[in-house]
Amino acid sequence: MDNQTDKYYDSQERHSSVRETYYVSVSAGTITKEENHTTDQLSLFATDREIDQLMALLAKRSQTDDLTSLRGIIPYKSADHDPATDKYNEQMLDIYRTIFRIGTEETRRHLIHMDILNVLKDPDTHLPGYH
């Protein structure tokens, strides 16, 4: 490689490791650099690579969301024993684990307070009325 190419790759590596503030809305599936003051927006402090990974997880979740929506129109099919729902819950866990890992302290405290990660792990299907 020549010096110009080396400088480009050095610049790209340096850029990808810089942490910036982002705001994610899991319900809308969006990540922005500007705060919208929506109720479900969580703040992150992440690199470009981490944001790309989170965007990929949100895109996968959107595809699985379509599958679970199709099941929703069948009145006798329980979501509790549906592989699409299990896949959706796993993807939500991945999303919230990633948000917890790259989230600001405020975001982490909020997720701990919501207990969202434990709720997704245990959807209470062991309670009466689910079987």
Side-chain angles (χ1 to χ4, degrees):
M1 280 193 254
D2 62 353
N3 275 344
Q4 286 295 80
T5 307
D6 288 341
K7 286 180 186 176
Y8 172 78
Y9 283 111
D10 287 346
S11 168
Q12 289 298 91
E13 288 175 6
R14 212 176 8 256
H15 178 69
S16 67
S17 64
V18 173
R19 293 192 175 276
E20 295 183 60
T21 302
Y22 293 88
Y23 301 92
V24 61
S25 169
V26 176
S27 62
T30 59
I31 301 172
T32 63
K33 286 191 174 186
E34 295 180 21
E35 190 172 12
N36 293 340
H37 301 289
T38 60
T39 58
D40 71 336
Q41 204 170 48
L42 300 168
S43 55
L44 312 171
F45 196 60
T47 65
D48 289 343
R49 179 172 290 147
E50 290 167 329
I51 291 301
D52 288 345
Q53 291 169 344
L54 182 56
M55 287 175 69
L57 290 172
L58 289 169
K60 272 189 201 177
R61 191 275 324 242
S62 178
Q63 293 169 349
T64 306
D65 192 27
D66 292 343
L67 292 174
T68 57
S69 295
L70 290 174
R71 190 244 344 114
I73 61 173
I74 304 170
Y76 58 86
K77 184 156 173 70
S78 171
D80 299 333
H81 305 291
D82 185 13
T85 300
D86 292 340
K87 185 175 181 179
Y88 179 85
N89 285 348
E90 269 307 309
Q91 289 173 342
M92 290 300 287
L93 276 170
D94 289 343
I95 289 168
Y96 279 108
R97 281 184 195 122
T98 301
I99 291 171
F100 188 85
R101 184 174 48 80
I102 62 177
T104 62
E105 284 302 314
E106 179 184 358
T107 294
R108 290 179 184 161
R109 280 193 305 272
H110 180 72
L111 292 178
I112 289 168
H113 177 73
M114 286 177 51
D115 201 24
I116 190 86
L117 294 171
N118 287 328
V119 168
L120 286 170
K121 284 182 191 174
D122 181 14
D124 293 335
T125 56
H126 61 282
L127 296 174
Y130 278 97
H131 299 285

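The first residue of the sequence shown is numbered 1, and numbering continues consecutively from there. This is a predicted model, so every value here is computed, not measured.
Remark: Arg109 pairs with no residue by the salt bridge (charged side-chain N to carboxylate O under 4.0 Å, His left out) rule, at least two apart or across chains. In this view, Ala28 and Ser25, Thr30 satisfy the side chain to side chain contact (heavy atoms under 4.5 Å, CB included) rule, not counting sequence neighbours. A search for salt bridge (charged side-chain N to carboxylate O under 4.0 Å, His left out) contacts involving Glu105 returns Arg108, not counting sequence neighbours. Legend: residues meeting side-chain hydrogen bond (donor to acceptor under 3.5 Å, both in side chains) with Ser43, ordered by chain and number and at least two apart, are Thr104, Thr107.
Between Lys60 atom NZ and Lys87 atom NZ the span is 8.0 Å, to the nearest 0.5 Å. Taken from CD1 in Ile99 to CD1 in Ile31, the straight-line distance is 7.5 Å, to the nearest 0.5 Å. Remark: Asn89 CG to Met92 CE distance equals 8.0 Å, nearest 0.5 Å. Of the inter-residue distances, the one linking Phe45 atom CZ with Glu20 atom CD reads 8.5 Å to the nearest 0.5 angstrom. From Leu111, atom CG reaches atom CD of Glu106 across 10.5 Å, with rounding to the nearest 0.5 Å. In this structure, CE in Met55 is found 9.5 Å from OH in Tyr22, a value given to the nearest 0.5 Å.
Here Asp94 pairs with Arg97 in a salt bridge; the nearest charged N to carboxylate O distance falls below 4.0 Å.
Smallest separation of non-hydrogen atoms from Ala46 and Ile102: CB-CD1, 3.8 Å.
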**Q.** Criterion side chain to side chain contact (heavy atoms under 4.5 Å, CB included) on Asn36 and Tyr23, from CA distance to verdict
**A.** CA-CA 8 Å; Asn36 293 340; Tyr23 301 92; over 6 Å; no

Q: Start with the C-alpha distance between Arg61 and Ile95, add both sets of side-chain angles, then the distance that settles side chain to side chain contact (heavy atoms under 4.5 Å, CB included), and finish with yes or no.
A: CA-CA 9 Å; Arg61 191 275 324 242; Ile95 289 168; 3.6 Å; yes

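Ile112 and Leu44 fall within the same hydrophobic cluster, where Ile, Leu, Val, Met, Phe, Trp and Tyr residues are linked whenever their side-chain heavy atoms come under 4.5 Å apart, directly or through other members.
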